[in-house]
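Sharing a structure, written as structure tokens. Questions coming.
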Protein chains: 2
Amino acid sequence: MSDEHTRRARTVTRADVARYAGVSTAVVSYVLNDGPKPVAPLTRERVLDAVKVLGYRPNAAARALSKGSSDMFGMLVVDSRNPFFAQLCHALGEAAAQDGRTLLIVNTDREHTTAADQIHDLTARQIGGLIIADLLTAAEQALVENLGIPVVLINQYAGAVGVPALGADFRDGARRAVEHLVGHGYRSIAFIGSASIFDDRERGWGDALTAAGLPLGARIHAPFSYEGGYQAGIELADAAERPRAAFAASDQVAVGLLAALHARGLRVPEDVAVVSFDGTDAAEYACPPLTTTAQPMAEMAREAIRLLQAGDAEPGYRAFPTALVVRRSCGCE
Amino acid sequence: MSDEHTRRARTVTRADVARYAGVSTAVVSYVLNDGPKPVAPLTRERVLDAVKVLGYRPNAAARALSKGSSDMFGMLVVDSRNPFFAQLCHALGEAAAQDGRTLLIVNTDREHTTAADQIHDLTARQIGGLIIADLLTAAEQALVENLGIPVVLINQYAGAVGVPALGADFRDGARRAVEHLVGHGYRSIAFIGSASIFDDRERGWGDALTAAGLPLGARIHAPFSYEGGYQAGIELADAAERPRAAFAASDQVAVGLLAALHARGLRVPEDVAVVSFDGTDAAEYACPPLTTTAQPMAEMAREAIRLLQAGDAEPGYRAFPTALVVRRSCGCE
DNA sequence: CTGAAAGCGCTTACAG
DNA sequence: CTGAAAGCGCTTACAG
């Protein structure tokens, strides 16, 4: 232990290892990288022993320079504080680590910089691949399609893109969430969520209503934030004809919504029933506990990493099925 | 735009820039790094122009190899999904970016690896500094003290260490939170939080009680998680002599606590009043909204980055004052 | 199976 | 103020 400490100051290099093991530096690389050349078992042992004794750690910068690619994957996300993205980033970090990769996460909600800038910055760091959890402009799409490294878009809605993309089946998930509400007998069910025409959750909400022969209820567009949900909740609570139930497009929005309803003295689910989307931890401890549409975050994370590792994945969209987690906010129990 | 794209494939290097500008590669470095040598204004212009025209981005790996240090700062955190750490990491990323640095965040809650391993991995990446938001063992302390790069510990409790450390004034913050509860007239006030003897929040709770001539109330030790808070809440709710109020050592624990109290049919603050600690966004949208002790996350983040940049900061602890944010869970309004 | 050597793209003394 | 050149620590054809 203390050996290792004193030694680290002078930085052990591959040359030291080679000298100690009595081999060339090339051979050290061969054993550490398992190739590209075979190494005799005994030589291999000597090298591994030298590595251990000297406490050698390969210099990642040198490796990245030499290979033209580091073992890091870049990750672009709007705001890693958002509980859903926090969990998604964590799952991606896990999946990456399992493949010996490290995630470099960058938030795009920063001022004085653009997504394009951040992508360029990331590529200048020689990242081996890039994951983007954000909606891209046409210019940004063109940029990532020609980046020269694997790119995968995550948390995406269906739609054609020039790179592999994946996301939960938003439309189907929303439809089933609303069907559940319909099953409770509620006949006026509001939608609270993004104004983006790409977001299929609003369509799924409409699907369920239409299939049940119900009119489309109120539609409140709100940003994906606590505050967005809160404002929407106030609007909903104060509406002349208050909906009997609401589908919230994210857990965070739903938590904001609950706060607003409580502030207005409304009970959930007795006055307004709620079902949300995401399946974050926070939903379980909301009050009341939220019935929510769980996204398979770990699976999506693993698939995203797999696509990056493959490197030559087909462009196109992959939908992941969701699962309704029933708790009390919808009126069950 | 499309120029830049087609060009990126072949990777523009500093040599290309030098050739285009009609100078040596050294001069390109001098202008890009503002030193170490002065450059004539006109030469400088030519270089900057070449950089722009060619869409040149310095290779970070080459730079890190050459300098022996990258522009990344490493960050070790138990679990970046925890709302408090999510906000802290975000603030640190902001502060780092403002200084032209990038944060590489690593979670220590991973299996099959140790904090020491992760620290070594980070240093092998040539990080320019390391921030640790975790309690260290003696061995880990010895390790970071001899790392050869600036290290700062954050979210720490007071105590002597061989490196700069900072954290909210836990004891004072907890004391004031509990004083607020005392001010409401509650005479039995429980503590819900960490079992760690390093965590001064329990001491602060005791300070306030003692100062008010009140006996120490129930003390429920729980892990820092929703579930930890929930279990503690069940225990509290079912106690033979249920406390009239509780101080929760984190917002996340408090949210779990609220869920348990509601599950037991108890009202907050009417049956049990609650004050918590952290000041995360989630506290504002809890039900009822949580009165909480806000940590100055942005300030602490900026200071941590500043200490890293300084490089030669004095070891020792820096306490940051907290601020009580009054909302409804304590009984106010 | 092993080694000598070129090369990755920077930085920075050293010399002019 | 500018440049030629060594060096950072790896990887990987190329030769043996």
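Residue numbers start from 1 in every chain, and the chains themselves are labelled A, B, ... in the order their sequence lines are given, proteins ahead of strands. Excluded from the calculations below are hydrogen atoms, water molecules and symmetry mates; all remaining heavy atoms, backbone and side chain alike, are included.
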Which of these nucleotides, D/dA4, C/dG3, C/dT11, is closest to any side-chain atom of B/R63?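 Taking heavy atoms from C-beta onward, the closest nucleotide is C/dT11.
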
So A/Y20 and A/V53, side chain to side chain contact (heavy atoms under 4.5 Å, CB included) or not? Walk me through it. CA-CA 9 Å; A/Y20 188 96; A/V53 170; 3.6 Å; yes

Please report the C-alpha distance between A/Y317 and A/V161 in whole Å, then the side-chain angles of each, then the deciding distance to 0.1 Å, and finally whether the side chain to side chain contact (heavy atoms under 4.5 Å, CB included) criterion is met. CA-CA 8 Å; A/Y317 182 74; A/V161 275; 5.7 Å; no

Between A/R19 and A/D16, is there a salt bridge with N-O shorter than 4.0 Å?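 The answer is yes: the pair qualifies as a salt bridge.
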
Tell me whether the side-chain N/O atoms of A/T13 come closer than 4.0 Å to OP1 or OP2 in D/dG9.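 Checking D/dG9 against A/T13, no side-chain N or O comes under 4.0 Å of OP1 or OP2.
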
Nearest-Å distance for atom pair CG/P, residues A/D71 and D/dT11: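 After rounding, the gap between these two atoms is 11 Å.
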
Can you tell me the distance, in whole Å, between the CZ atom of B/R125 and the P atom of D/dC8?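 Whole-Å distance recorded here is 23 Å.
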
Let me know the distance between CZ of B/R14 and P of C/dT11, rounded to the nearest Å.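 In whole Å, C/dT11 P and B/R14 CZ are 8 Å from each other.
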
Would you kindly give the CG-to-P distance between B/L32 and C/dT11, to the nearest whole Å?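 B/L32 atom CG is separated from C/dT11 atom P by 7 Å.
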
Distance, rounded to the nearest Å, where A/K67 contributes NZ and D/dT12 contributes C1':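 Atom-to-atom, A/K67 to D/dT12, this comes out as 10 Å.
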
Atom pair distance, as rounded to whole Å: CG in B/D34 and P in D/dC1: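 These atoms are roughly 13 Å apart.
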
Does C/dA13 have a Watson-Crick or wobble partner in any strand here, with both distances under 3.5 angstrom, and which is it?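 Across all strands, not a single nucleotide pairs with C/dA13.
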
Look at B/S24 and D/dA4 and indicate whether a side-chain polar atom (N or O) is within less than 4.0 Å of OP1 or OP2.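 Checking B/S24 against D/dA4: no side-chain N or O falls below 4.0 Å of OP1 or OP2.
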
Identify the nucleotide, in any strand shown, that forms a Watson-Crick or G-U wobble pair with D/dA4, with both distances under 3.5 Å; if there is none, say none.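 Paired with D/dA4, as far as the under-3.5 Å criterion goes, is no nucleotide at all.
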
Work out how far the C1' atom of D/dG16 is from that of D/dT12, and round it to whole angstrom.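 Pairwise C1' distance, D/dG16 against D/dT12, rounds to 16 Å.
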
Can you tell me which nucleotide in C/dA15, D/dA13, C/dC10 comes closest to the side chain of A/K37?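 Per side-chain heavy atoms of A/K37, the pick is D/dA13.
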
Does any N or O donor sit under 3.5 Å from an N or O acceptor when you compare the side chain of A/Y30 with the base of C/dG3?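 Such a pair is found, so the answer is yes.
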
B/P38, nearest nucleotide to its side chain (from D/dC10, D/dG7, D/dC1):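 So the nucleotide nearest the side chain must be D/dC1.
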
Distance-only donor-acceptor test (3.5 Å): side chain B/S66, base D/dG7: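 A donor-acceptor contact between them is present.
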
With nearest nucleotide decided by heavy atoms, which residue, A/A26 or A/P41, maps closer to the 5′ end of DNA chain C?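 On the 5' side of the pair lies A/P41.
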
Salt bridge (charged side-chain N to carboxylate O under 4.0 Å, His left out) assessment of A/D79 paired with A/R81: CA-CA 5 Å; A/D79 181 359; A/R81 287 172 301 189; 3.1 Å; yes

Please report the distance, rounded to the nearest Å, between CG in A/D16 and P in D/dG9.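 For the pair A/D16 CG and D/dG9 P, the rounded distance is 9 Å.
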
Please state how far atom CZ in B/R46 lies from atom C1' in D/dC1, giving the value in whole angstrom units.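 Going from CZ in B/R46 over to C1' in D/dC1 covers 12 Å.
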
Does a side-chain N-to-carboxylate-O contact under 4.0 Å join B/R125 and A/D71?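 Salt bridge flag = yes for A/D71 with B/R125.
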
Would you tell me if any nitrogen or oxygen in the side chain of A/T43 comes within less than 4.0 Å of OP1 or OP2 on C/dT2?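 For C/dT2, OP1 or OP2 has a side-chain N or O of A/T43 closer than 4.0 Å.
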
When we call it a touch if two heavy atoms are under 4.0 Å apart, what does B/A40 touch: a base, just sugar-phosphate, or nothing?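 It contacts sugar-phosphate atoms only.
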
B/N59 side chain near C/dC8 phosphate (N/O to OP1/OP2, under 4.0 Å):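 Indeed not, no polar side-chain atom of B/N59 lies that close.
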
From the set D/dG9, C/dT12, D/dT11, return the single nucleotide nearest to any side-chain atom of B/L65.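 Taking heavy atoms from C-beta onward, the closest nucleotide is D/dG9.
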
Reference residue B/I131; test side-chain contact (heavy atoms from CB on, under 4.5 Å); the match among B/V151, B/L307, B/I305: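 One option only clears the test, and that one is B/I305.
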
